Every structure is written in structure tokens, then in C-alpha cells.
**Student:** 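Sharing a structure here in C-alpha cells format.
In this text, all values refer to a predicted model and were calculated from it rather than measured experimentally.
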Protein chains: 2
Amino acid sequence: MTDDKSRRDAAEHLALALTQSGMQRMAARVLAAFLFTDEPSLTAGDVAKQLDASAGSLSGAIKLLDALGMVERVPVPSSRSEHFRMRAEPWADLYSKQNTVIDLILQSTDRGIAAVDDGPARQRLEHMRDFYTFMLSEIPALLERFEARRAK
Amino acid sequence: MTDDKSRRDAAEHLALALTQSGMQRMAARVLAAFLFTDEPSLTAGDVAKQLDASAGSLSGAIKLLDALGMVERVPVPSSRSEHFRMRAEPWADLYSKQNTVIDLILQSTDRGIAAVDDGPARQRLEHMRDFYTFMLSEIPALLERFEARRAK
DNA sequence: GCGAAGTTTCGGAATTTTCTGAAGACTATC
DNA sequence: GATAGTCTTCAGAAAATTCCGAAACTTCGC
């Protein structure tokens with residue numbers, strides 16, 4: 001099946017938006033390729049050809065997307081190459097990956113609180129800790145609510 | 001008042017964590033300086049000296065933090081230089097800034113949905129749109145709940 | 001106005017990130 | 001176990017980001 005131009009344009013456009021949200025450029029383009037295909041699976045070679053990128057880039061990008069849980073390997077016995085496709089419900093998982101970053105910030109904040117005596121700085125840091133702790137505790141429930149709504 | 005070593009270490013540590021979450025390096029360091037000070041306000045020169053950074057860098061970093069709503073100008077009539085301090089409750093605001101990015105992703109997703117006929121790709125894109133639309137709608141309520149809890 | 005202190009802007013340098021191309025490793029088939 | 005196709009790794013190159021320093025601009029006090 002051949003992608004028409006407006007489809008590819010839209011894919012590149014979305015890749016750009018994902019890039020601006022912090023994702024690596026090539027990883028974003030590869031993800032868009034998986035998002036926009038009607039094929040049941042793609043190989044690294046397929047995507048490389050489609051995006052006119054090197055095999056090396058694809059290897060790195062797919063490795064990242066796999067680690068993020070955005071794509072998964074598809075077993076295809078009679079093929080020599082690895083086949084990949086997007087995971088079914090990757091967005092909630094992707095979002096909860098941010099928790100790792102928030103955890104890091106929280107640890108540093110705690111360290112800061114331990115390092116300063118009571119005063120304006122201490123108050124500020126405690127407020128910061130309260131906020132991120134709250135977010136960290138609420139996000140799982142938020143994602144569950146989305147799943148629940150979706151199930152209906 | 002002079003910052004002791006453990007305080008500065010903690011500040012640099014937190015700056016590093018913020019950097020890893022996507023913030024510019026110097027902006028993160030400047031933000032940490034404002035977080036950890038007990039002074040009512042700091043000038044660009046104060047921070048430059050403390051961080052051993054150039055006036056040019058400070059200008060850019062403070063401009064960014066100001067645009068993000070993390071710091072604000074403090075009027076100090078009898079001083080020639082601009083004084084800054086952290087805003088009181090910047091975290092919720094900072095978080096809702098992400099909505100801008102999500103909006104961008106949503107626009108690109110809609111464009112993609114318009115570009116493809118019904119099929120697996122279309123389904124995938126619609127699911128993606130549903131997720132981000134949900135998050136966008138829920139985040140304000142989440143932030144309000146934090147404020148409410150905090151007020152008590 | 002004039003001078004001093006502070007801030008912003010801008011070009012260039014340096015660091016970091018990212019991509020490619022080539023070489024080596026792996027796997028399935030024969 | 002040889003071979004052909006595919007993937008991964010690595011070093012170097014290209015590109016982007018970030019920082020600094022100098023110069024221009026603004027503001028305040030005199």
C-alpha cells in the first residue's frame with residue numbers, strides 16, 4: 001500500500017509537534033510512521049526507506065521507542081527481519097514515564113529541604129515538594145479514569 | 001546572608017534534575033538560585049556573581065523564567081537595578097504551560113485524522129486524540145484540587 | 001545634558017546532541 | 001556450516017544548542 005502525500009505530510013507534521021514536546025527528532029518521525037500506517041507491521045528497513053534515513057538511525061530510534069513501550073516486536077516466523085508495530089494503548093504508559101523525571105526532581109527537592117534551615121527558601125522548597133508529590137499521587141487515578149471511560 | 005556549601009550543592013543538584021526534565025541548563029541554575037535564597041529579592045548581577053556566569057546568560061535565562069511565570073520583577077524604588085524573586089505559586093502555572101504543547105500535538109493529530117480514510121491508522125490516531133483531549137480537560141480540575149487541599 | 005551603573009542584543013566559539021556510513025554480529029535457510 | 005539478508009555498534013561528521021564577551025542602549029543621579 002502506498003502512502004499518499006497528504007498522509008505523509010500529516011505524519012511529518014505530527015513528528016514535528018512531538019519533537020517540540022521533547023522527543024528526539026528521528027524517534028518522532030519513526031513513531032509517526034508507525035502511527036500512520038495501515039500495515040499490520042513494519043520492519044526497520046521499511047521505515048528506513050520510507051523516511052530516507054540510515055539503518056543506524058532506525059536502530060537507535062526503534063530501540064528508544066521500544067524502551068518507552070511505544071512499539072513492540074511482532075513475531076513473524078517466516079521472515080528474516082524483525083517486525084514492529086505500535087502497542088495498542090501506549091499513551092497512558094508514555095505519560096506515566098514522566099513519573100521517573102518527577103521522582104528525580106522530588107529527590108533533589110528533599111535534599112534541598114534537608115540542607116536549609118527554616119526560612120523563605122525552606123517554605124518554597126516544601127511547597128514545591130508538596131506540589132510534585134500531589135501530582136505523582138494523582139496521575140495514576142487520572143489514567144485509570146481515562147481507561148474506564150474508554151471501556152464504556 | 002551567605003549560602004553555605006551544602007545549600008549550593010543541593011541547588012546545583014536540583015538544577016541538574018530540572019535540566020533533565022527539559023529545562024535549559026542556565027535557566028535551571030538561575031531558578032535554583034531563586035529557590036534557595038532567603039533574600040527577599042535578587043538582581044541579575046547577584047545571580048551572575050553567585051553562579052559565575054556572564055551578564056548575557058543571565059539576561060536570557062531570566063527572560064525565559066519571566067516568560068514562564070517562574071520569577072517576577074520586584075519594584076525597588078531606590079535601586080538602579082531590576083530586582084527579581086520567585087512567584088509565590090508558580091508550579092501549577094508551569095504545569096499548565098504544557099497544555100500549549102499538548103494543543104500542538106492535538107492539532108497535528110486532527111490533521112492526520114482528516115488525511116486518512118478509516119482503517120487501523122485512523123483508529124490509532126483517534127485513540128491518541130481521545131487521550132490527549134482527556135488529559136487537557138482534566139488537568140485544570142487537578143490543579144484546582146491541589147489548590148483546595150493546600151488552602152486548608 | 002553628562003557620567004555611571006545596569007541591562008539587553010548580537011556574533012562567534014565551544015559543547016552537546018544527532019545522523020550517517022562502514023564494519024562486525026546475528027539468524028534463518030539451504 | 002556456508003551464505004545471504006538484516007540488525008547493531010561505533011567512530012566521525014554534521015547540525016543545533018548554549019554560553020560568553022563586547023558593544024549598544026537605557027535609566028538614574030548629579
Side-chain angles (χ1 to χ4, degrees), chain A residues 11-12 15-34 37 39-68 70-85 101, chain B residues 11-12 14-34 39-68 70-85 101:
Chain A
E12 287 293 341
L16 189 66
L18 289 171
T19 298
Q20 291 181 346
S21 84
M23 186 175 282
Q24 288 184 8
R25 180 188 156 83
M26 187 58 73
R29 293 183 70 207
V30 173
L31 180 59
F34 278 103
T37 187
E39 300 294 328
S41 67
L42 297 174
T43 70
D46 292 338
V47 180
K49 200 167 55 181
Q50 201 181 98
L51 301 181
D52 191 29
S54 72
S57 293
L58 263 292
S59 177
I62 288 183
K63 191 165 154 188
L64 177 64
L65 292 175
D66 187 28
L68 287 174
M70 301 301 292
V71 303
E72 61 188 354
R73 289 180 153 73
V74 181
V76 178
S78 65
S79 170
R80 200 161 304 182
S81 52
E82 296 269 10
H83 287 243
F84 296 87
R85 68 170 171 227
V101 178
Chain B
E12 286 294 340
L14 180 55
L16 189 64
L18 290 170
T19 298
Q20 290 180 346
S21 85
M23 186 175 282
Q24 289 185 6
R25 178 186 152 82
M26 187 57 73
R29 294 183 69 206
V30 173
L31 180 59
F34 278 104
E39 299 293 328
S41 67
L42 296 174
T43 68
D46 292 338
V47 181
K49 200 167 54 181
Q50 203 180 99
L51 301 181
D52 192 28
S54 74
S57 293
L58 262 293
S59 176
I62 288 182
K63 191 165 153 187
L64 176 65
L65 292 174
D66 188 26
L68 287 174
M70 301 299 294
V71 303
E72 62 188 354
R73 289 181 153 72
V74 181
V76 179
S78 64
S79 170
R80 196 165 306 182
S81 52
E82 295 270 9
H83 285 242
F84 296 88
R85 68 170 170 228
V101 177

**Student:** Nearest-Å distance, CD (A:Gln24) to C1' (C:dT16)?
**Tutor:** 13 Å

**Student:** As a test of reading the structure: which of C:dC19, D:dC19, C:dT7 is closest to the side chain of B:Ser57, going by heavy atoms?
**Tutor:** D:dC19

**Student:** Let me know the distance between CZ of A:Arg29 and P of C:dT18, rounded to the nearest Å.
**Tutor:** 15 Å

**Student:** Can you tell me which nucleotide in D:dT9, D:dC19, C:dT7 comes closest to the side chain of A:Ser59?
**Tutor:** D:dT9

**Student:** Got a sec, which pairs hit side-chain hydrogen bond (donor to acceptor under 3.5 Å, both in side chains) with one end in residues 56-66 of chain B, sequence neighbours left out?
**Tutor:** B:Ser54-B:Ser57, B:Asp66-B:Arg73

**Student:** Is the shortest side-chain heavy-atom distance between B:Leu64 and B:Gln24 below 4.5 Å?
**Tutor:** yes

**Student:** Starting at CG of A:Leu16 and ending at P of D:dA16, how long is that distance when rounded to a whole Å?
**Tutor:** 13 Å

**Student:** What integer distance in Å separates A:Arg25:CZ from C:dT20:P?
**Tutor:** 9 Å

**Student:** Looking at C:dT7, I'd like to know if its phosphate oxygens (OP1 or OP2) sit under 4.0 Å from a side-chain N or O belonging to B:Lys63.
**Tutor:** no

**Student:** Of the options D:dC20, D:dT8, C:dT20, whose atoms approach the side-chain atoms of A:Ala55 most closely?
**Tutor:** D:dT8

**Student:** Is any side-chain heavy atom of A:Leu51 closer than 4.5 Å to a side-chain heavy atom of A:Glu12?
**Tutor:** yes

**Student:** Report the C-alpha separation of B:Phe84 and B:Thr43 in whole Å, then their side-chain angles, then the decisive distance to 0.1 Å, and conclude whether the side-chain contact (heavy atoms from CB on, under 4.5 Å) test is met.
**Tutor:** CA-CA 6 Å; B:Phe84 296 88; B:Thr43 68; over 6 Å; no

**Student:** Output all residues satisfying salt bridge (Lys or Arg N to Asp or Glu O under 4.0 Å) with A:Arg25, sequence neighbours left out; order by chain, then residue number.
**Tutor:** none

**Student:** Out of D:dT8, C:dT20, C:dT7, which nucleotide sits closest to the side chain of A:Ala53?
**Tutor:** C:dT20

**Student:** Rounded to whole angstrom units, what separation is found between the NE2 atom of A:His83 and the C1' atom of D:dT6?
**Tutor:** 11 Å

**Student:** Round to the nearest Å and state the distance from B:Leu42 atom CG to C:dT7 atom C1'.
**Tutor:** 16 Å

**Student:** Hey, does A:Gly45 reach any base, or is it just sugar-phosphate, or nothing, if we go heavy atoms under 4.0 Å?
**Tutor:** sugar-phosphate

**Student:** Quick one: which of D:dC20, D:dT9, C:dT18 gets closest to the side chain of B:Ser54?
**Tutor:** D:dC20

**Student:** In whole angstroms, how far is the C1' atom of C:dC19 from the CD1 atom of A:Ile62?
**Tutor:** 15 Å

**Student:** Which listed nucleotide (D:dT9, D:dC7, C:dT7) is nearest to the side chain of B:Glu82?
**Tutor:** C:dT7

**Student:** Just the rounded figure in Å: distance from C1' of C:dT9 to CG of B:Leu64.
**Tutor:** 16 Å

**Student:** Looking at the side chain of A:Met26, which of D:dT6, C:dT7, C:dT20 is the nearest nucleotide?
**Tutor:** C:dT20

